[in-house]
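My questions will all concern the structure given below.
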Amino acid sequence: MAEDKSPNKPQSASNLAEIRATRIEKVAQIKELGLNPYAYKWESSHHAAELQEKYADLANGEEVEDQVAIAGRIIARRVFGKLAFFELQDETGKIQLYLEKKKINNTMLDLVGAFNHLKKLSDTGDILGVKGTIKRTEKGELSVYVSEFQILTKSLLPLPDKWHGLTDTEKRYRQRYVDLIVNPQVRQTFRIRAKITAAIRRYLETRDFLEIETPVLQSEAGGADARPFITYHNTLEMDLYLRIATELYLKRLIVGGFEKVFELGRIFRNEGVSTRHNPEFTMIEVYQAYADYHDMMALTENLISNVAQEVLGTTKVNYQGDEIDLTPPWRRVTMHEVVQDATGVDFAQFSDFDSAKTAAKDAGIEVPSDCQTIGKLLNEAFEQKVETTLIQPTFVLDYPVEISPLAKPHRDKPGLVERFEVFMVGRETANSFSELTDPLDQRQRLEAQAAKKAAGDLEAQDIDEDFLAALEYGMPPTGGLGIGIDRLVMLLTDSASIRDVIAFPLLKNQSTAIKSFDYDAEQQILRIVFGNGSIYKYLDVPQSIYKELKETSSVGQYFNSQIRDKFGFDREV
RNA sequence: GGGAACGUAGCUCAAUUGGCAGAGCAAGCGACUCUUAAUCGUUUGGUUGUGGGUUCGAGUCCCACCGUUCCCA
């Protein structure tokens, strides 16, 4: 076809590649005008919210001669012949720009036809800086009456629908920056999150707690029952684990003589993903010498209610339709009591496991095969019958020793430890003990854990000899507390999923295509090169597999179903 | 790990029993000095997640895979 494709006439464009090409062409045109589509700096005098507040009383049609400068993203354009209205959004809010051809062209004498250039070369999504005065339009919209503008950053990609926004959850999480641009409540969530962590630190600092940073890379992953991530240090030639808790290092600091320490930081657990779990999440652990778990209860309820008051201005918060009252004191109940209330079974009365098991089964509790002590049974009953019913903040006290290897034995109740967990909206939100300080007891408990680990329990703890050595030097009586920050933020921001309070939650990679592969028949090594550049050598792969891979109509699919997860591999670095 | 649902244009969504893939917004072009989901005219834009299968014919039915969401463990 001999169609006339004049290079000066932009082709009509509406798919992504064409929109992008059109905008890249605009970048070139901006440069031809001697302007920089990617500016270095801009000085604003105000933010949008400040202007909205300052001129709230300006009457319709009224103007004031105050000079202002403001910058932000163009999120809407309403363009007339010699007049245009843009909506500008900055971090604080929105304000309209009143753009008049006459005024702009009379001011920007260096740029001939400045108004028309703005009309032609700007798009929604661009970052724009403007200077001008203040005017409330006749229709009542507070506006900056623009005399000068500068395109600070040219955007190449279109924003989502101005009315419906971005709703696709996958895209919202994978491209959080777009989500943040178009969904103001998402920005608000992360603003509140920052205020919460700041308020927690402020609360603790005014009470003389020190925040001390402990290692993320650890040679033993201890302090919790969880599977760790494993990594490798090349020059030291050693395996390292990402921390699953900060507990054992913070306790070393107590041994060292600090009396009030905490750390608010990222924890990594190699576990599944759900609305309540992200493999990396944020926890605060607090340790106070000479305190017990009763002191930690007071600290917990005061800290959290104080934070809510400071950040939200109230201790009564709405969560997914429930009103949660965080005003202290919170309900305190022992695990035995609360389980008995829910199931009618008093687990304290049993002396042998089998009769307890029978009673539990009669009460409708599923007993997993690895549950072989009364204490674990009690915990099962609690998790199955009680946990989700605890909506208002509740301290659940006095846990079985079997599931609490780092907690001090209860001073009055044999078989139990001085431990509490806080539940709200049916979720565990905090965990605390009178910390175990007897080094010999601690060694026995960790040895029992290590035995479980040796028997295949991937979540059991290892023995951290150096931690035990620290305890042998002597740790004062100490109360410890851990609070899940993400879950607290969920509560205070009324977020249903943990992914709504983590800016960049972990998502599965969209699978990368296989670029090429070859086979070493002698060593039975299948070497696969992926599109992202990584190379994997799959070991002991029979020749038949290689043949089928070569002949299949879909390499990626064959790989997914027949090779990945089925053969061991080495990564080529 | 098990179950259910979903995946269509840049965004938000349609598409009857298996029968021509459509709309709004966004985008291109034109008009317009009070719009605010601007309006009016006009023009574009699709490998229906991927790979197979059934069929004269597949967005729709079947199988596998990828991803997401929710529930359960």
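Chain naming here is simple, since letters A, B, ... match the order of the sequence lines and numbering starts at 1 in each. All of these numbers come straight from a predicted model, not from anything done at the bench.
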Legend entry - Nearest listed nucleotide, side chain of A/Ser554, among B/G28, B/G51, B/A38: B/G51

Inset, instruction - Assign A/Thr552 to base, sugar-phosphate, or nothing according to its heavy-atom contacts below 4.0 angstrom with the strands shown. - result: nothing

Legend entry - Sugar-phosphate, base or nothing in reach of A/Thr167, heavy atoms under 4.0 Å: sugar-phosphate

Legend entry - Side-chain donor/acceptor of A/Tyr558 to base of B/C65, under 3.5 Å: no

Inset, instruction - Starting from P on B/G10, measure out to CZ on A/Arg172 and report it in whole angstrom. - result: 21 Å

Legend entry - Pairing partner (Watson-Crick or G-U wobble, both distances under 3.5 angstrom) of B/U69: B/A4

Inset, instruction - Please tell me which of the listed nucleotides, B/G30, B/C66, B/G51, lies nearest to the side chain of A/Lys120? - result: B/G30

Inset, instruction - Quick one: look up who B/C40 pairs with, Watson-Crick or G-U, both distances under 3.5 Å, and put none if it's unpaired. - result: B/G30

Legend entry - Heavy atoms from other residues, nucleotides or ligands near CD of A/Glu62 exceed 12 (cutoff 6.0 Å): yes

Inset, instruction - Indicate, with a heavy-atom threshold strictly under 4.0 Å, whether A/Lys508 touches base, sugar-phosphate, or nothing. - result: sugar-phosphate

Inset, instruction - State which of B/G10, B/G28, B/U36 makes the closest approach to the side chain of A/Lys26. - result: B/G28

Legend entry - OP1 or OP2 of B/C11 under 4.0 Å from side-chain N/O of A/Lys171: yes

Inset, instruction - Describe the nucleic acid contact of A/Gly556 in one word from base, sugar-phosphate, nothing, applying a heavy-atom distance below 4.0 Å. - result: nothing

Inset, instruction - Nearest whole angstrom, please: distance from the P of B/U69 to the CZ of A/Arg499. - result: 4 Å

Inset, instruction - Give the rounded distance in Å between these two atoms: CD of A/Glu548 and P of B/G51. - result: 21 Å

Legend entry - Partner nucleotide, any strand, of B/G46 [Watson-Crick/G-U, under 3.5 Å]: none

Legend entry - Whole angstrom value for the distance that separates P of B/G28 from CD of A/Gln29: 11 Å

Legend entry - 5'-most by nearest nucleotide on RNA chain B - A/Phe80 or A/Thr124: A/Thr124

Inset, instruction - Locate the shortest heavy-atom distance separating A/Met490 from A/Ala496; write the atom from each residue and the value. - result: CE-O, 3.6 Å

Inset, instruction - Kindly point out which of B/G45, B/U33, B/G10 is positioned nearest to the side chain of A/Leu83? - result: B/U33

Inset, instruction - Output yes when at least one side-chain N/O atom of A/Lys162 is less than 4.0 Å from OP1 or OP2 of B/C25, else no. - result: no

Inset, instruction - Pick base, sugar-phosphate or nothing for A/Glu170, based on heavy-atom distances below 4.0 Å to the nucleic acid. - result: sugar-phosphate

Legend entry - A/Arg20 vs B/A27: side-chain N/O to OP1/OP2 distance below 4.0 Å: no

Inset, instruction - Would you indicate what A/Val182 reaches in the nucleic acid, counting non-hydrogen atoms under 4.0 angstrom: base, sugar-phosphate, or nothing? - result: nothing

Legend entry - Distance-only donor-acceptor test (3.5 Å): side chain A/Asp161, base B/G24: yes

Legend entry - 5' precedence on RNA chain B between A/Tyr173 and A/Phe85 (nearest-nucleotide basis): A/Phe85

Inset, instruction - Indicate, with a heavy-atom threshold strictly under 4.0 Å, whether A/Thr137 touches base, sugar-phosphate, or nothing. - result: base

Inset, instruction - Answer with yes or no after comparing the ring centroid distance for A/Tyr538 and A/Phe567 against a 6.0 Å cut-off, counting only values under it. - result: no

Inset, instruction - Could you tell me whether the side chains of A/Thr493 and A/Ser495 share a donor-acceptor contact shorter than 3.5 Å? - result: yes

Legend entry - A/Phe382 and A/Phe423 aromatic centres sub-6.0 Å: yes

Inset, instruction - Would you kindly check if the NZ (Lys) or CZ (Arg) of A/Lys103 is within the cone defined by 45 degrees around the ring axis of A/Tyr145 and under 6.0 Å from the six-membered ring centre? - result: yes

Inset, instruction - Kindly point out which of B/C70, B/U12, B/G28 is positioned nearest to the side chain of A/Thr22? - result: B/G28

